[in-house]
Amino acid sequence: MAAKEKMNMRVNRLQISILLMFLSTIMISSFIILRLSNINSLTVILLTLALIILCPLSIYFFFILPGSMPKILLYLSFILCLGLSYFIIPSSQKYFFNEIIVWLLPIVQISVAIFIVHSIVKGIIRYKEINSNGSYTFLETARKLLEPKLGKGFFLEAVITEISIFYYAVLVWFKKINIKRSEVFTYHKTSQIKTIVIVFSIIIVSEGVLFHFVIQWWSNIAAWIFTVLNIYVLLYMVGLYNSARFLPHVINQDSLIIRLGYQSSVELEIRNIESIKNAKQGGIEDKIPKDTYYSLLNMDSPQYEIILKEPVLMKGTYGRKKQVKTVVFRSDEPIKMIDRINRIREQKSK
């Protein structure tokens, strides 16, 4: 299996190398040829078609199709190649390019609208089918809906992260927190996360209003881009606090889940715990070891440190992953939580 994986990696690298060489050749040669003084109309048409059609198709056959990437990347690659073509083709040779854009853009807009409506209707139907018994959360259902379209790589994780931010910042206000089980332990009540979110939200709003009017003197578009980014950061902060409320630590019969809102989490088997000890107190400037999962804000003081026998996978936003051997965390009921873990460890050791 390892040899087969290495072979696949070599093939993928070779395909990407060929793709980059092919695209570079077409774009550089088109840039040079289209600026020649004695170029004829047929050459302009062929090079324009190569930039608009051949480049996206080559991306599809060399990159998207072999890697089973989401087909929506073909549309994105087409838009990217269209934008690059605009800069590659000089103004004096844009007559054919402009004619294509006139009839092509309405077709693209209509097709995108049809695709979006079809995806929404299909998504609603599949959502009802997948979550007919109510066993999945909103985000778990969203992941199951998007996996067939986006695959299981970075693109899916990035979309799920953005959905999570919007869900916990906006939609979750209409849900009630239901944390009554003895094996669930919160960590947001005694944390500084609420204070940090409130302070930073006030700063973001004040700064956003002030700098919007300052930047507007220079550029209206830049001012609105800055404002949209501020709104996004505000949603991220509010979503982080709400996710910390709705995503507590969980102790099961065989496993333990430690979380920091939607930012990150780690699931480990209780039998994999080597020891549990009081965490070392450090400062904000202290560097966290690479093999340590720090499940709290730097402004909070850590309470306990779990040493593992074997490394486990920590999962973060946008598909971030790393192997960790130590888990540092805090809880609103630390003694009760540690007692619960130790009781299960004793039962497993018998």
Within the supplied structure, the quantity of interest is the number of heavy atoms (other residues, nucleotides, ligands) at a distance under 6.0 Å from [X] [atom1]; does it exceed 12?
{"X": "Tyr304", "atom1": "OH", "value": "yes"}
{"X": "Tyr95", "atom1": "OH", "value": "yes"}
{"X": "Ile335", "atom1": "CD1", "value": "no"}

Side-chain donor-acceptor contacts of residues 155-164 below 3.5 Å, not counting sequence neighbours, with atom names and distances?
from   : atom 1 : to     : atom 2 : distance (Å)
Glu157 : OE1    : Arg143 : NH2    : 3.3
Glu157 : OE2    : Arg143 : NH1    : 2.9
Thr161 : OG1    : Glu157 : O      : 2.8
Thr161 : OG1    : Tyr318 : N      : 2.9
Glu162 : OE1    : Tyr232 : OH     : 3.0
Glu162 : OE2    : Tyr232 : OH     : 3.1
Glu162 : OE2    : Tyr318 : OH     : 2.3
Ser164 : OG     : Ile160 : O      : 2.7

Quiz item: Going by the ring pair (Phe, Tyr, Trp, His ring centres under 6.0 Å) test, which pairs reach into residues 322-342, not counting sequence neighbours?
Solution: His249-Phe329
Quiz item: Distance-only, no hydrogens or angles: does the Asn342 side chain make a donor-acceptor pair with backbone N or O of Ile338 under 3.5 Å?
Solution: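 Flag set: sc Asn342 to bb Ile338 pair under 3.5 Å.
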Quiz item: Have Thr227 and Asn230 got a donor and an acceptor in their side chains that come within less than 3.5 Å?
Solution: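 Their side chains do not contain a donor-acceptor pair, so the 3.5 Å distance test is not met.
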Quiz item: Sequence neighbours excluded, which residues qualify as ring-ring contact (aromatic ring centres under 6.0 Å, His included) partners of Tyr293?
Solution: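 Tyr293: no ring-ring contact (aromatic ring centres under 6.0 Å, His included) contacts found.
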Quiz item: For Asp332, which residues count as a side chain to side chain donor-acceptor pair (under 3.5 Å) partner, sequence neighbours excluded?
Solution: Thr186, Thr190
Show which side-chain atoms of residues 81-88 pair as donor or acceptor with protein atoms under 3.5 Å away, not counting sequence neighbours.
from  : atom 1 : to    : atom 2 : distance (Å)
Ser85 : OG     : Cys81 : O      : 2.6

Quiz item: So which residues get pulled into Val228's cluster when ILVMFWY side chains under 4.5 Å apart are joined, directly or through others?
Solution: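 Answer for Val228: none, a lone residue.
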Quiz prompt | Centroid-centroid distance, Tyr236 to Tyr262, less than 6.0 Å | solution =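 Judged by ring-centre distance (under 6.0 Å), Tyr236 and Tyr262 do meet the cut-off.
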Practice problem: Specify whether Tyr241 and His188 have parallel, tilted or perpendicular ring planes, treating 30° as the upper limit for parallel and 60° as the lower limit for perpendicular. | Solution: perpendicular
